[in-house]
J.: 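Take a look at this one; I'll ask things after.
Counting from 1, the numbers follow the sequence of the chain as shown.
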Amino acid sequence: MPTDRTGRSGRLVVVTGATGATGRATCAALLAHGERVVAVGRDPESLRALAESLTADGADQADRADLAARLETRVCDLLDGDAVHALAEEVVTAYGGVDGLFHLVGGWRGGSSFTASTDDDWRWLSGNLVDTLRHTTIALHDALLASGHGRVAIISAAAAATPTAGNAAYASAKAAAETWLRAMADSFGADGATPGSAAVIGVVKWIGSGRTATSPAEVADWLVGLLDTDAAGLNGSRVDL
């Protein structure tokens, strides 16, 4: 398993949107798999609570200390491109590289009809679903490529391919995020090279506990599994979860 410049083992995965339900489940699954995690969010108190809950899962004091050593929380507004670049530089410098980016920033807004979609809805959705992705993938692209086994993933929605009148803005923003990630996948396999790193899209109807939902734990398990799956078969794929 890879080690960083301090000799710590485990792959280094950046999880954005870490304090949401899917982010929390993913951080926990990564730690259980032996990886190192940089959990990124906007609210310091939510990140503190996340760290406390994750490290409390240790079976004993030594286990809790190990979890704490493999988890770092970072506050960052992902809508601020300069702040994201600064964070990326700090993480790469501290750990010697990055092996994964699981971008789990989400959100939904919709209306009762096509014409009910507002400019405010679009600004909010395109900011959260597209701009945050642009900033993080550009800032970490070179490190993920240099890893040789980097994994990047987003969770999209079935609505991106089958939009309805009331969710036009949401579906369009999700589709734009998918397009952006496919472009990143193309960069990993540039000039016909067999990709070592991979960018992948997971697709759900919605995340929750209902009959047609995909649970946060199921999403987390899929994401962690990407780390041990061959990149050539993954890169650019759109996977129904």
Side-chain angles (χ1 to χ4, degrees), residues 15-27 29 40-43 46 77-81 84 101-138 151-188 198-226 229 233-241:
V15 178
T16 54
T19 59
T22 304
R24 291 195 301 271
T26 299
C27 290
V40 182
R42 287 187 295 186
D43 179 55
S46 296
D77 179 1
L78 300 182
L79 291 170
D80 183 339
V84 175
L101 168 63
F102 294 158
H103 186 73
L104 304 177
V105 177
W108 182 87
R109 285 192 183 186
S112 57
S113 67
F114 184 78
T115 55
S117 181
T118 67
D119 287 346
D120 184 59
D121 287 342
W122 177 249
R123 282 190 293 268
W124 189 87
L125 287 164
S126 61
N128 279 280
L129 303 182
V130 183
D131 291 343
T132 60
L133 178 63
R134 288 193 306 108
H135 293 156
T136 52
T137 51
I138 288 175
R151 296 292 181 269
V152 184
I154 62 171
I155 303 303
S156 188
T162 56
T164 60
N167 72 359
Y170 172 76
S172 296
K174 281 291 190 181
E178 289 193 21
T179 299
W180 184 267
L181 206 70
R182 286 197 187 97
M184 187 178 199
D186 184 64
S187 78
F188 287 157
V200 192
I201 300 161
V203 183
V204 301
K205 289 184 177 179
W206 61 289
I207 295 176
S209 58
R211 182 178 59 83
T212 61
T214 304
S215 72
E218 289 172 316
V219 174
D221 287 344
W222 176 74
L223 289 168
V224 173
L226 297 178
T229 305
L234 281 178
N235 194 39
S237 61
R238 188 177 191 266
V239 182
D240 290 324
L241 304 182

J.: Taking the side chain as every heavy atom from C-beta outward, state whether Leu79 and Val84 have any pair of such atoms under 4.5 Å apart.
T.: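 No, too far: nothing below the 4.5 Å cut-off.
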J.: Would you say the side-chain atoms of Arg24 pair up with the backbone N or O of Thr19, donor to acceptor, closer than 3.5 Å?
T.: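 Yes, the answer is positive, given that a donor and an acceptor are paired below the 3.5 Å cut-off.
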J.: Measure from the side-chain N and O atoms of Arg151 to the backbone N and O of Leu226, and report whether any donor-acceptor pair falls under 3.5 Å.
T.: yes
J.: Do Trp206 and Thr214 meet the criterion of a side-chain donor-acceptor pair at a distance under 3.5 Å?
T.: no
J.: Using 0.5 Å steps for rounding, measure from the OG atom of Ser187 to the CG atom of Asn235.
T.: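 Going from OG on Ser187 over to CG on Asn235, the span is 8.0 Å.
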J.: Apply side chain to side chain contact (heavy atoms under 4.5 Å, CB included) to Trp222 and Val200, showing your working.
T.: CA-CA 11 Å; Trp222 176 74; Val200 192; 3.8 Å; yes
J.: Measuring from Arg238:CZ to Leu181:CG, what's the distance to the nearest 0.5 Å?
T.: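 Answer rounded to 0.5 Å: 11.5 Å.
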J.: Side chains of Ile201 and Val239: does their closest heavy-atom pair fall under 4.5 Å?
T.: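 Sidechains of Val239 and Ile201: no contact.
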J.: Provide the full list of salt bridge (Lys or Arg N to Asp or Glu O under 4.0 Å) pairs with a residue in residues 210-223, sequence neighbours left out, each pair given once.
T.: none
J.: Donor-acceptor pair, Ser117 side chain versus Phe114 backbone, under 3.5 Å?
T.: no
J.: Under 4.0 Å between a Lys/Arg side-chain N and an Asp/Glu carboxylate O for Glu178 and Arg182?
T.: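 Between Arg182 and Glu178 there is a salt bridge, with a charged N closer than 4.0 Å to a carboxylate O.
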J.: Side chain of Asn167, backbone of Thr164: donor and acceptor closer than 3.5 Å?
T.: yes
J.: Residues two or more places apart in sequence or in another chain: which of them pass salt bridge (charged side-chain N to carboxylate O under 4.0 Å, His left out) with Arg109?
T.: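 Testing Arg109 for salt bridge (charged side-chain N to carboxylate O under 4.0 Å, His left out), a comparison that skips the adjacent residues, returns Asp120, Asp121.
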J.: Distance check, rounded to the nearest 0.5 Å: Leu78 atom CG versus Arg134 atom CZ?
T.: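 CZ of Arg134 is found 12.0 Å from CG of Leu78.
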J.: Less than 3.5 Å apart, any donor N or O on the side chain of Thr132 or His103 sitting next to an acceptor on the other?
T.: yes
J.: Can you find a heavy atom in the side chain of Pro216 that is under 4.5 Å from one in the side chain of Ile207?
T.: yes
J.: Using the rule given for side chain to side chain contact (heavy atoms under 4.5 Å, CB included), can you reason through Ile155 versus Val204, listing the C-alpha separation, both sets of side-chain angles and the distance that settles it, and then say yes or no?
T.: CA-CA 7 Å; Ile155 303 303; Val204 301; 4.0 Å; yes
J.: Has the side chain of Ser237 got a donor or acceptor atom that lies under 3.5 Å from a matching backbone atom of Leu234?
T.: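 Yes, Ser237 side chain to Leu234 backbone: donor-acceptor pair under 3.5 Å.
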